[in-house]
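Presented below is the structure to which this report refers.
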Amino acid sequence: MPQTITLVNGNEMRPAVGPIALDYLAAALEQAGWQPSLLDLTWADDAEAAIARHFRDHEPVLVGYTQRNTDDCYLASRYSCLPHARAMIALIRRHTAAPIVVGGCGYSLAPVALLEELGADYGLAGEGEVALHRLATAIAKGEPPPTIPGLAYRADNEVRYNAWEPVELAGLPLSQRAFLDNARYWREGGQGGFETKRGCDRGCIYCADPIVKGRRIRLRDPRDVAQEVANLAQQGVLHLHTCDSEFNVPREHAVAVCEALIERNLGETVRWYAYCTPGDFEAELAENMKRAGCVGIDFGADNGADAQLARLGRDFGVEDLERAARLCHEHGIAFMFDLLLGAPGETQETVRRTIELMKRLEPSRVGVSAGVRLYPGTKLSARLARGTLDERDGFRGELEDNDDLVQPVFYVSPELGPDVHRYVSNLVGNDPRFFCADPEAELTDYNYRENLTLVNAIREGHRGAYWDILRRLEEGLPPA
């Protein structure tokens with residue numbers, strides 16, 4: 001009989017987002033001869049009771065805890081997810097003697113610091129499909145596991161860490177997407193997720209995606225992506241969102257994925273959304289995405305000033321934003337421009353030009369993040385570590401005893417004045433298309449943690465990307 005590995009989702013955010021990594025991990029573990037069991041605390045009214053019930057019925061070799069977020073990435077709240085995760089891991093330890101390993105994108109940001117912070121026995125940074133099997137095998141055999149890539153472990157009263165190595169996706173099994181209750185996540189969370197690739201090779205100075213997903217892009221077979229979408233559709237999950245860093249990088253692969261979805265007639269039943277860069281968005285891709293069932297695109301626009309985009313390390317300019325907007329309007333695709341205001345070099349003038357550009361291009365919605373979250377390992381945080389950012393009053397958050405930046409720290413250019421939110425709000429005026437940092441305004445609340453407006457809308461039948469659900473509510477449109 002196969003030995004058991006328990007996989008735990010402790011994500012507390014609402015609306016609930018399905019942890020697709022656990023579906024992928026379960027498929028790899030089953031192929032390797034393990035029996036994965038799921039403990040999904042997202043739906044537990046009493047977490048300790050759910051934990052106790054699970055471990056009365058299961059005696060796993062290893063417990064894997066996925067940490068999706070370290071915080072809500074929101075300057076106005078600076079809410080940390082780590083105390084909740086630490087409490088859940090402590091509860092698990094009360095009810096099983098099995099070692100606990102923590103992984104996930106959030107954990108992978110700072111493997112050494114977060115292993116200490118969360119109190120797990122091991123950590124696995126990066127991808128877990130291969131490494132988790134190797135760790136469990138070593139534990140089952142009573143062997144020391146320190147050679148595993150991505151492993152953080154304790155030895156000689158210190159935490160040691162092996163750099164992780166990206167796996168080749170072609171060698172991984174195709175997930176049937178049946179381990180999680182994806183239908184429930186769709187009903188109560190509004191959407192499902194899927195990925196077409198892993199990794200990001202862009203040069204953005206602030207972004208953690210290349211750190212946690214790898215800097216080399218590895219592509220999935222478009223036919224496998226289409227089969228996975230079909231598997232979800234068979235479960236009734238009809239609204240999806242890509243989990244790629246940028247769906248259209250490389251553009252040729254995005255077109256091939258769309259063609260595979262079209263060939264399976266999935267564009268007629270499934271509605272999906274994507275993250276895209278404006279820099280490589282052409283008419284052929286827009287047309288194929290529309291035919292394949294794409295109904296909404298979230299573009300990482302960041303700014304409306306060419307000089308500021310260059311400072312951020314972006315490889316596109318205002319002309320690309322204009323082209324992306326035009327193509328979406330022409331093809332009837334709802335779209336959002338996500339802005340990141342307040343980085344080094346930002347001034348009131350660049351913010352004013354950005355807001356004016358957004359109003360002129362008329363996106364369906366504009367997301368405004370005021371303040372840049374500093375993540376370990378990024379070029380921006382390296383400048384902080386070297387002391388090359390002189391405007392010390394630009395930092396917001398806990399800088400003392402937080403060298404690894406596991407607690408939320410933001411940078412806001414001092415040129416924007418003492419109240420960046422008020423300055424942006426005055427520029428936006430009463431334009432309902434803008435999501436700003438104002439939790440008092442329900443339909444423009446850009447924080448998706450404990451967003452009761454969204455939770456209630458999904459309960460009433462709305463589905464899709466959260467920005468699009470809020471758009472439909474504001475415009476009085478029926479559920480998608």
Item to check | Residue pair Val167 / Leu172: nearest heavy atoms and the distance that separates them | outcome: CG2-CD1, 4.0 Å
Checklist entry - Measuring from Arg184:CZ to Thr42:OG1, what's the distance to the nearest 0.5 Å? => result 9.0 Å
Item to check | Asp401 atom CG, over 12 foreign heavy atoms within 6.0 Å | outcome: no
Checklist entry - Is Arg216 salt-bridged to Glu165, cutoff N-O under 4.0 Å? => result no
Item to check | Charged N-O contact under 4.0 Å between Glu195 and Arg218 | outcome: no
Next on the checklist: Parallel, tilted or perpendicular, judged at 30° and 60°: which one describes the rings of Trp272 and Phe194?
Outcome noted: perpendicular
Checklist entry - If you look only at pairs with a residue in residues 171-181, which of them pass as a salt bridge (Lys or Arg N to Asp or Glu O under 4.0 Å), with sequence neighbours excluded? => result Asp23-Arg177, Arg177-Glu228
Next on the checklist: I'd like to know if Asp209 and Arg202 make a salt bridge, using a cut-off of under 4.0 Å between side-chain N and carboxylate O.
Outcome noted: no
Checklist entry - Should Glu117 and Arg86 count as an ion pair when the cut-off is N to O under 4.0 Å? => result yes
Next on the checklist: Could you tell me if the side chain of His421 sits less than 4.5 Å from the side chain of Leu75, heavy atoms only?
Outcome noted: yes
Next on the checklist: As a test of understanding, state which of Asn303, Leu340, Asp302, Asp320 forms a side-chain contact (heavy atoms from CB on, under 4.5 Å) with Arg314.
Outcome noted: Asp302
Next on the checklist: Ignoring hydrogens and geometry beyond distance, is a side-chain donor-acceptor pair present between Arg251 and Asn248 at under 3.5 Å?
Outcome noted: no
Checklist entry - Would Tyr466 and Asn451 count as a side chain to side chain contact (heavy atoms under 4.5 Å, CB included) if you check the C-alpha gap in whole Å, the side-chain angles of each, and the deciding distance to 0.1 Å? => result CA-CA 10 Å; Tyr466 295 154; Asn451 192 312; over 6 Å; no
Next on the checklist: salt bridge (Lys or Arg N to Asp or Glu O under 4.0 Å) for Glu116 and Arg154? Distances and angles first, verdict last.
Outcome noted: CA-CA 10 Å; Glu116 296 276 41; Arg154 293 180 175 84; 3.6 Å; yes
Item to check | Gap separating the OG1 atom of Thr196 from the CG atom of Asp221, nearest 0.5 angstrom | outcome: 11.5 Å
Next on the checklist: Between Phe179 and Leu7, is the side chain to side chain contact (heavy atoms under 4.5 Å, CB included) condition met? List the steps.
Outcome noted: CA-CA 10 Å; Phe179 182 64; Leu7 299 179; 3.8 Å; yes
Next on the checklist: If I compare all heavy atoms of Glu12 with all of Cys81, which pair ends up nearest, and what's the gap?
Outcome noted: OE2-CA, 3.8 Å
Checklist entry - Is the closest side-chain heavy-atom distance between Val406 and Thr70 below 4.5 Å? => result no
Item to check | Chi angles and distances behind the side chain to side chain contact (heavy atoms under 4.5 Å, CB included) call for Leu114, Gln67 | outcome: CA-CA 10 Å; Leu114 286 171; Gln67 186 65 33; over 6 Å; no
Item to check | Distance in Å, Arg459 CZ paired with Glu188 CD, rounded so as to fall on 0.5 Å steps | outcome: 8.0 Å
Checklist entry - Any chance OH of Tyr275 has more than 12 other-residue heavy atoms, nucleotides or ligands included, within less than 6.0 Å? => result no
Checklist entry - Which heavy-atom pair separates Ala254 from Leu285 by the least distance, and what is that distance? => result CB-CD1, 3.8 Å
Item to check | Side chain to side chain, Asn9 and Leu22, heavy atoms closer than 4.5 Å | outcome: yes
Checklist outcome for this item: Taken to the nearest 0.5 Å, the spacing of Cys207 SG from Leu380 CG works out to 11.5 Å
Next on the checklist: Classify the ring geometry of Phe337 against Phe335: parallel below 30°, tilted from 30° to 60°, perpendicular beyond 60°.
Outcome noted: perpendicular
Checklist entry - Is a side-chain donor or acceptor of Arg463 paired with a backbone partner of Trp186 at a separation under 3.5 angstrom? => result yes
Checklist entry - Passes ring pair (Phe, Tyr, Trp, His ring centres under 6.0 Å), Phe281 versus Phe299? Steps please. => result CA-CA 10 Å; Phe281 190 74; Phe299 290 102; 5.1 Å; yes
Checklist entry - Are Asp40 and Tyr185 side-chain neighbours, meaning at least one heavy-atom pair lies under 4.5 Å? => result yes
Checklist entry - Tyr375 versus Cys73: any side-chain heavy-atom pair under 4.5 Å? => result yes
Item to check | Pair Arg198 + Glu129: basic N to acidic O under 4.0 Å | outcome: yes
Next on the checklist: If you define the side chain from C-beta out and look only at heavy atoms, does anything of Tyr206 sit under 4.5 Å from Arg373?
Outcome noted: no
Checklist entry - Are side-chain heavy atoms of Asn231 and Asn182 found at a separation under 4.5 Å? => result no
Item to check | Side-chain touch Tyr74/Pro408, heavy atoms, less than 4.5 angstrom | outcome: no
Item to check | Electrostatic pair Glu246-Lys213, nearest N-O below 4.0 angstrom | outcome: no
